[in-house]
Amino acid sequence: MRVMKSTRFKMIALALVIAMLPLLTAACGYYKLKFPEEINMADMSAHSGHAHGAAAEPGGTGAATAAASCAEMVEPASNAPVRAFELTAQKTKVDIGGGKTSDAWTFDGTTPGPELRVKQGERIVVTLTNKDIDKGVTIHWHGVVLPCSQDGVAGVTQDAVWPGEAFTYEFVAKHAGTYWYHSHQQSSEQATHGLIGRLIVEPRENAFRYDKDYAVTLQHLNGKHWLTNGRRGGADLTAAPGESVRLRLINSTSEVQWMGVAGAEFRVISMDGQDLNEPDVISGQWIPVGGGQRYDVLFTMPESGQVEVYSREKPALTARVGEGAEPARLDKDAPAFDFTAYGKPVDDGITADMKFDRTYELVLGPIDINGKRFHEIPPIIVKEGEWIKVKFKHKLGAEHPMHLHGHLFKVLTKNGKPLTGSPIYADSILLFMGDEYEVAFQADNPGLWMEHCHNLGHAANGMSMMVNYEGVTTPYRVGTKSGNLPD
Ligand SMILES: [Cu+2]
């Protein structure tokens with residue numbers, strides 16, 4: 001009897017372990033997604049090597065709506081002033097400070113690549129040349145609202161740029177703000193190896209005044225080196241007592257960085273590049289900055305001379321501003337910054353109870369959306385002009401910074417409660433397990449747009465889907481046949 005009981009117990013335990021296995025492996029990231037040979041991301045039709053010859057043509061002949069190709073959606077000609085840049089993707093050794101070097105994949109020999117600083121309304125023309133990145137490269141302009149063909153997603157908006165080839169991006173910087181760029185070919189690998197950079201769009205008219213304007217990239221190079229603006233020991237920036245400083249924080253890592261501001265009161269003036277309305281002065285709060293997200297803080301330099309903005313968990317991710325006595329650090333268990341009740345509301349007519357043309361619910365697991373991954377996930381289908389509501393529910397797993405290409409959305413509710421402070425317009429929303437957010441956007445930029453987790457390891461495992469405009473096609477294909485593997 002005792003033997004039987006113990007056997008039964010073992011069998012139940014074994015069954016439990018087997019049942020948990022997919023979850024465990026998923027959580028550990030071993031459950032690697034396999035790309036089919038060819039996928040058309042406009043209609044999710046996939047073809048394996050053994051597929052029949054008759055490939056489905058999206059739309060078909062005589063379709064009521066004229067099919068439009070993403071490849072033909074370009075920035076129209078205008079007399080906007082042109083700012084031209086050239087970026088060469090190349091492998092090199094970089095100096096990461098403290099007498100150390102590291103292998104890196106770079107734009108123009110540095111990581112982060114050159115900071116592109118432009119003015120709102122300018123026409124940005126960037127010629128990307130791939131010198132020696134074997135697996136091809138692209139540039140995605142993270143957070144920038146631009147025409148489909150310029151979005152830089154391999155296999156969706158263009159083919160990967162192979163060694164010896166070039167591609168020219170062209171778009172008008174419509175919105176001011178803090179953005180960044182990174183390769184969207186094998187993103188998780190390429191961004192980690194260093195193919196990233198900053199894009200700062202200075203506003204035509206500034207809502208805020210400051211004496212100094214700095215941008216800071218938080219980076220985890222090769223998954224090995226924690227770097228701030230490419231340096232191991234952190235970044236040193238200058239400002240004198242009494243001067244006001246705008247510090248633009250860009251989290252290019254996949255992990256959440258809990259950022260503290262020591263030595264001064266501050267305001268969070270912008271999230272994902274979009275200004276907040278009448279932001280309050282705060283202090284002693286940790287700002288959770290998800291992978292890919294940007295937060296701009298504004299503070300006045302104290303008489304004591306130094307302000308430090310740093311990550312709670314990764315001390316190497318730090319910007320020291322000014323010289324002087326090291327400021328007292330935040331309490332480890334200080335409260336988190338809460339954007340849902342920060343600043344003053346503005347009536348923009350976009351509310352949770354307005355009429356939406358379509359509503360979608362996306363349930364997030366460890367590396368899946370609604371239990372599916374990558375091309376198995378049905379796309380969100382929209383028509384130009386429609387208002388779309390998306391409800392994100394984080395059921396299980398690590399944090400997910402969900403990022404939408406080509407649009408800004410407005411955050412409507414958190415855990416069922418409408419936001420009470422400044423409107424939050426963003427290209428990403430960070431969810432911790434148990435969180436629920438509703439966001440809204442207008443389908444005002446026809447194309448094929450990715451919606452994915454910006455923990456790039458999660459995306460590489462399939463936590464990535466599409467927002468597709470009805471009738472829009474693409475000549476490009478994702479898969480092992482073309483070699484376009486956007487992640
Ligand atoms: Cu994720």
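Along the sequence shown, residues are numbered consecutively beginning with 1. As the structure lists them, so they are numbered: ligands from 1, and atoms in each ligand from 1.
The count of protein N, O or S atoms under 2.8 Å from the Cu ion (ligand 1) stands at 3, with waters excluded from the count.
Between the side chains of T217 and R198, a donor-acceptor pair is found at a separation under 3.5 Å. When only modelled atom types and interatomic distance are considered, D427 and H403 share a side-chain donor-acceptor pair under 3.5 Å.
Checked against V145 for a side-chain contact (heavy atoms from CB on, under 4.5 Å), the options N445, D444, V172, D151 give a single hit: N445.
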Verdict with reasoning, R294 to D272, per salt bridge (Lys or Arg N to Asp or Glu O under 4.0 Å): CA-CA 5 Å; R294 291 87 63 214; D272 280 359; 3.3 Å; yes
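For E189, the salt bridge (Lys or Arg N to Asp or Glu O under 4.0 Å) partners are K135, not counting sequence neighbours.
Under a 3.5 Å cut-off, the side chain of T318 and the backbone N or O of T228 do not form any donor-acceptor pair.
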